[in-house]
Engineer: 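Dropping a structure here in structure tokens format, bear with me for questions.
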Amino acid sequence: MEIKYCNQCGGSVSLATPIGDSHPRHICVQCGYVHYQNPKVVTGCLVYQGDKVLLCKRAIEPRLGMWTVPAGFMENGESTRDAAKRETMEESGAIVAMQDLFLVANLPHANQVYMLYLAELKDTGPHGPETSEVTLFGKDDLPWEEVGFYTVKYGLMRFFEDLDKGKFSLHEIDF
Ligand SMILES: [Zn+2]
């Protein structure tokens, strides 16, 4: 993201690599403040019941009308697990029993890290405004071509593979 002004004093910034640093940073020419930029963490749940997974149809951009798992950006002060559970509740209304971490996907080009937990569906409730529909799909009736994000599609493919094997394991991938 381009930074134009210092967020401490409003001065202008210039791009330079501080001594001993590995990356160029936006540094305030007035007060010297260094604006570090780091990846954001997206976390969510692969919610399942038996051999079906819960997907949300998106009511907002990006990927309006496409299917995805409940997930979103972590808030400050949260753990990844708590954030995944919160996003799941907000977007799908699902009450879940959280299980193991299932997928860590690095998206260096987007400056994001994507973390999905397995979670067993316990109950359902009203979903939030980001979602227009919540449905459980099996491998064969899942609308694979309408899954909105390749990270999610990758996670769903690994889920059904692991389900067939009878054992879930942690998957790590760099896109
Ligand atoms: Zn400044």
Side-chain angles (χ1 to χ4, degrees), residues 1-47 54-96 98-119 125-132 134 146-156 158-159 170-175:
M1 194 178 68
E2 190 59 35
I3 292 175
K4 285 184 178 160
Y5 301 103
C6 176
N7 64 25
Q8 301 295 301
C9 76
S12 55
V13 297
S14 72
L15 203 58
T17 304
I19 294 163
D21 202 338
S22 54
H23 289 67
R25 314 287 180 186
H26 292 92
I27 301 171
C28 178
V29 298
Q30 197 161 286
C31 76
Y33 185 78
V34 183
H35 299 76
Y36 292 99
Q37 291 186 293
N38 301 96
K40 287 192 171 3
V41 179
V42 177
T43 171
C45 288
L46 225 159
V47 180
L54 179 147
L55 295 183
C56 299
K57 194 170 197 175
R58 292 179 60 81
I60 53 166
E61 295 288 358
R63 307 286 193 270
L64 175 71
M66 304 286 268
W67 294 90
T68 190
V69 297
F73 290 109
M74 281 181 82
E75 299 289 355
N76 290 342
E78 274 184 327
S79 70
T80 50
R81 181 175 287 271
D82 289 347
K85 191 172 187 178
R86 175 184 53 74
E87 286 289 345
T88 298
M89 169 67 91
E90 286 174 4
E91 293 190 359
S92 73
I95 313 293
V96 299
M98 295 294 291
Q99 297 178 342
D100 289 341
L101 183 61
F102 182 70
L103 176 69
V104 176
N106 289 290
L107 291 81
H109 57 280
N111 302 320
Q112 288 180 8
V113 179
Y114 210 98
M115 297 175 71
L116 288 184
Y117 287 84
L118 286 173
H127 60 71
E130 295 150 315
T131 302
S132 61
V134 178
E146 295 165 38
V147 175
F149 303 95
Y150 55 81
T151 43
V152 172
K153 196 168 185 173
Y154 180 87
L156 290 169
R158 298 291 84 74
F159 171 83
L170 176 61
H171 301 268
E172 183 182 342
I173 187 169
D174 298 347
F175 282 105

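If you're wondering where the values come from, they're calculated on a predicted model, not measured in any experiment. In each ligand, atom 1 is the first atom listed, and ligand 1 is the first ligand listed.
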Engineer: Is the gap between the ring centers of Phe102 and Tyr117 under 6.0 Å?
Structural biologist: no
Engineer: Run the side-chain donor-acceptor check on residues 4-20: report pairs under 3.5 Å with partners two or more places apart or on a different chain.
Structural biologist:
none

Engineer: Once side chain to side chain donor-acceptor pair (under 3.5 Å) is applied, do any residues pair with Ser79, and if so which ones, sequence neighbours excluded?
Structural biologist: Asp82
Engineer: Report yes or no: does Glu91 contribute a side-chain atom to a donor-acceptor pair with the main-chain N or O of Thr88 at less than 3.5 Å?
Structural biologist: no
Engineer: Does Glu78 come within less than 4.0 Å of Arg86, counting only side-chain N to carboxylate O?
Structural biologist: yes
Engineer: Sort by chain and number the protein N/O/S atoms that are closer than 2.8 Å to the Zn ion (ligand 1), and list them.
Structural biologist: Cys6 SG, Cys9 SG, Cys28 SG, Cys31 SG
Engineer: Just jot down the ring-ring contact (aromatic ring centres under 6.0 Å, His included) partners of Phe149, sequence neighbours excluded, or say none.
Structural biologist: none
